[in-house]
Amino acid sequence: YYMLNKPMGVITASRDERHDTVLELFPAELRRGLFAVGRLDKDTEGLLLITDDGDYVHRVITPKKHVPKVYFARTDGMPTSADAERFAQGVVLGDGTQCLPARLECLPEQGGCRVTVYEGKYHMVKRMLAGCGTPVLQLHRLSIGALTLDPTLAPGAYRELSAEEAMLVFAEPAS
C-alpha cells in the first residue's frame, strides 16, 4: 500500500500511449501488479492510494462503505449556504445523475471550499460545484477516511503505508 501525492498533469491509469501515468512515478521494479485506488482527474492533485490488493480497492471505492473522500476546491466565486443544503440532500448533476448526500463547507478566508463525498463519479466534485455557479479552478484531495495526505510528500512523491495507516481509510476522520 502506497500513498502518492498525485501531481497535476498525470493520469490515473496503469498505462497510456499518450499521457504520463501515476504508475510511471514508481520505479519499474515496484509497478508490477499495482493499480490506483479510484481515480483523480489529470488536473486534480493530492492523495491517491496505490496497491496490488483488489479487495482493498473495492472496499475503499464502493459507495456502500461510505468512505469519505475530502477535497479542497479553489473556486471562481463562493458557494452559498443554500448550496451546502443541496449537497446535504444529494445533488442531481446536469445530466440527471443522482449523487449521494455530500458535505460542502465554505472557506472564504482560504478562497475556496471543502467538499466531502462518499462515492466517485466522473468529474463529480467539479460538476457539483459548477452546478452552484462556482466553477473549480483547482482541486486537491486532502484525505480518504481518517488517512490524510502526508504534508512532507512533494507532488509526485510517494511512500509506503504501514498496515495501520492503510486501514485508516475505514476510520472516521477527525472533525
Side-chain angles (χ1 to χ4, degrees), residues 1-14 21-27 29-74 84 87-88 90-91 99-107 109-110 112-129 136 138-175:
Y1 305 93
Y2 295 96
M3 170 188 290
L4 170 68
N5 186 353
K6 182 198 167 293
M8 285 192 280
V10 298
I11 63 168
T12 306
S14 297
T21 71
V22 293
L23 289 187
E24 291 169 356
L25 299 170
F26 290 78
E29 63 270 12
L30 285 182
R31 283 185 218 154
R32 184 177 210 90
L34 291 179
F35 43 94
V37 179
R39 292 183 136 4
L40 288 178
D41 303 336
K42 184 177 182 180
D43 60 347
T44 299
E45 57 190 1
L47 177 60
L48 184 65
L49 302 175
I50 308 289
T51 186
D52 63 356
D53 182 345
D55 180 58
Y56 179 83
V57 172
H58 179 72
R59 290 183 1 221
V60 174
I61 67 173
T62 184
K64 292 177 189 173
K65 296 291 184 184
H66 296 286
V67 174
K69 288 93 176 167
V70 180
Y71 298 82
F72 177 77
R74 191 165 313 287
F87 274 51
V91 172
C99 297
L100 290 175
R103 185 167 181 235
L104 172 63
E105 179 184 358
C106 296
L107 303 168
E109 66 285 350
Q110 295 177 28
C113 54
R114 186 176 297 127
V115 177
T116 304
V117 297
Y118 298 88
E119 61 184 331
K121 292 183 173 155
Y122 181 74
H123 294 291
M124 182 176 159
V125 173
K126 292 176 183 177
R127 292 166 66 198
M128 291 168 76
L129 287 166
V136 171
Q138 184 180 18
L139 190 60
H140 183 91
R141 186 188 290 158
L142 304 169
S143 63
I144 301 173
L147 180 68
T148 58
L149 180 62
D150 183 335
T152 67
L153 285 179
Y158 65 90
R159 72 170 176 81
E160 193 167 354
L161 294 175
S162 69
E164 294 80 19
E165 286 177 312
M167 291 303 116
L168 282 174
V169 300
F170 304 111
E172 282 298 313
S175 295

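Both backbone and side-chain heavy atoms feed into the values below; hydrogens, waters and symmetry mates do not.
V37 places none of its side-chain heavy atoms less than 4.5 Å from the side chain of I50. Two residues are said to be in side-chain contact when any heavy atoms from C-beta on lie closer than 4.5 Å; Y71 and H140 fail this criterion. Under the 4.5 Å side-chain criterion, counting only non-hydrogen atoms from C-beta, V67 is not in contact with I61. Counting heavy atoms from C-beta on, the side chains of Y158 and L48 never come closer than 4.5 Å. Counting only heavy atoms from C-beta outward, the side chains of M3 and L153 approach each other to under 4.5 Å.
D53 and Y1 share a side-chain donor-acceptor pair at under 3.5 Å.
The closest donor-acceptor contact from the side chain of R59 to the backbone of K65 lies at 3.5 Å or more, if one exists at all. Remark: side-chain polar atoms of T148 are not paired, donor with acceptor, to backbone N or O of S143 under 3.5 angstrom. For the pair R74 (side chain) and G112 (backbone), a donor-acceptor distance under 3.5 Å is absent. Judged by distance alone, with hydrogens and angles left aside, the side-chain atoms of R141 form a donor-acceptor pair with the main-chain N or O of L47 at under 3.5 Å. Not a single donor-acceptor pair under 3.5 Å links the side chain of R103 to the backbone N or O of V115. A donor-acceptor contact shorter than 3.5 Å links the side chain of E165 to the backbone of S162.
A salt bridge does not link D41 to K6: none of the charged nitrogens lies less than 4.0 Å from a carboxylate oxygen. With respect to E119 and K121, a salt bridge is recorded, a charged nitrogen being found less than 4.0 Å from a carboxylate O.
The CG atom of L104 sits 8.0 Å away from the CE atom of M128 when rounded to the nearest 0.5 Å.
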